[in-house]
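One structure is given below, encoded as structure tokens.
Chain letters run A, B, ... following the sequence lines, proteins first, then strands; residues in each count from 1. Worth saying up front: this structure is predicted, and the values here are computed from it rather than measured.
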There are 2 protein chains.
Amino acid sequence: MGKQSEKATTSVKRLLRSMGKRITPQRMALLRIIEEQEGHLDADEIHRLAREENPRLSLSTVYRTLNLFKELGLVEELHLAEEHHHYEGVGSGEHHHLICLGCGKVIEFECSFTDELRQELAKQHDFEITRSRVDLMGYCAECRKGR
Amino acid sequence: MGKQSEKATTSVKRLLRSMGKRITPQRMALLRIIEEQEGHLDADEIHRLAREENPRLSLSTVYRTLNLFKELGLVEELHLAEEHHHYEGVGSGEHHHLICLGCGKVIEFECSFTDELRQELAKQHDFEITRSRVDLMGYCAECRKGR
DNA sequence: ATGGCTGCAAAAGTTTTGCACTTCT
DNA sequence: AGAAGTGCAAAACTTTTGCAGCCAT
């Protein structure tokens, strides 16, 4: 994992450079935070984490950087059951979510199962599909007990 | 369709009454707007439409009503590629979205194809799955041309 | 009649922007 | 050196809330 994220960082640097974007400590710090966290973070949480090592890093920079990363396809803006925007890295392959409406727990899963569907729909509507998201909502075992 | 939405309205009235909620012209107007629009509306668009017939209907009421409807399971808050919250009625069966990242166009589609997946995951994670959402993102034919 | 609902205005919260200063390249 | 990026503060937006009056029940 250490090796891998190092590699990811390197390729992001290449990507930034190739787009005429600069490599700044702020961007690298934010990238690392997003990559490290497996889960989903909102802008404020990312800001809080970033400040632990660089207290002057501003929330504006977090937003600007997230928008940049979004444009570059490095993060995906998620909107789950909760309120704010959430971001997660897209480096580690597509994965989907199982969301408990009771306690808010989010379980991630992968499935190649959607490939067939993608092809079908791409053909049917003349779409080039670049990303997919599958969210399943319901109640986990624990929350079902408490009812 | 006319008949059907009339029936829907009636059953919503029952639901409201059974929850000790009042049936007000504002609520009925908002319900109708949401049911009529096939697509997805954000609070502001709903407000604009509502004002066409009742100019005094306030945005607060729109929000309060949407939250009420959400609690009652009458609408679902969606979060697509765009910015704000979007709401759509849940009366007309589950359907999913094909979203163009270029122009924002949203095509809805239905598929029973997810059933298998639902069962698989329900078993695997001991979840009771009540709702699912599948969003596929990409570029439509037109937007692909312009690049 | 009376408690819930609404409209209005103000507050709270989130995201964006203008500008002077700093820092990558 | 020069342009892009940053921090700070203010603005723009979206959503929620307090309160006085109104209206379904």
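- Ranking C:dT16, C:dC24, D:dT16 by closeness to the A:Pro25 side chain, first place goes to C:dC24.
- Atom CE of B:Met28 has more than 12 heavy atoms from other residues, nucleotides or ligands within 6.0 Å.
- Applying the 3.5 Å distance criterion, the base of C:dA9 shares a donor-acceptor pair with the side chain of B:Ser60.
- Among the protein residues, B:Arg27 comes within range of the sugar-phosphate backbone only, with heavy atoms under 4.0 Å from sugar or phosphate atoms but none that close to a base.
- Residue side chain A:Arg64 reaches the base of D:dG7 through a donor-acceptor N/O pair under 3.5 Å, judged by distance alone.
- The side chain of A:Tyr63 lies closest to C:dT14 when the candidates are C:dC5, C:dT14, C:dG7.
- Each end of the helix from C:dA1-D:dT25 to C:dT25-D:dA1 gets its own rotation axis from five pairs of C1' atoms, and the angle between them is 40° to the nearest 10 degrees.
- Each of C:dC5, D:dT6, C:dT6 was ranked by its minimum atom distance to the side chain of B:Arg22; first place goes to C:dC5.
- Between the CG atom of B:Leu66 and the P atom of C:dC5 there is a distance of 15 Å, given to the nearest Å.
- Within 4.0 Å (heavy atoms only), B:Leu59 reaches at least one base atom of the nucleic acid.
- Mapping B:Asp44 and A:Thr24 onto DNA chain D via the closest heavy atom, the residue that lands nearer the 5' end is A:Thr24.
- Which of D:dT16, C:dT16, D:dG5 sits closest to the side chain of A:Lys21 comes down to D:dG5.
- Comparing D:dG5, C:dG7, D:dG7 against the side chain of A:Ser58 picks out D:dG7 as the nearest.
- Between B:Lys13 atom NZ and D:dA24 atom P the separation is 12 Å, expressed in whole Å.
- Atom pair B:Ile23:CD1 and D:dC22:P shows a separation of 23 Å (rounding to whole Å applied).
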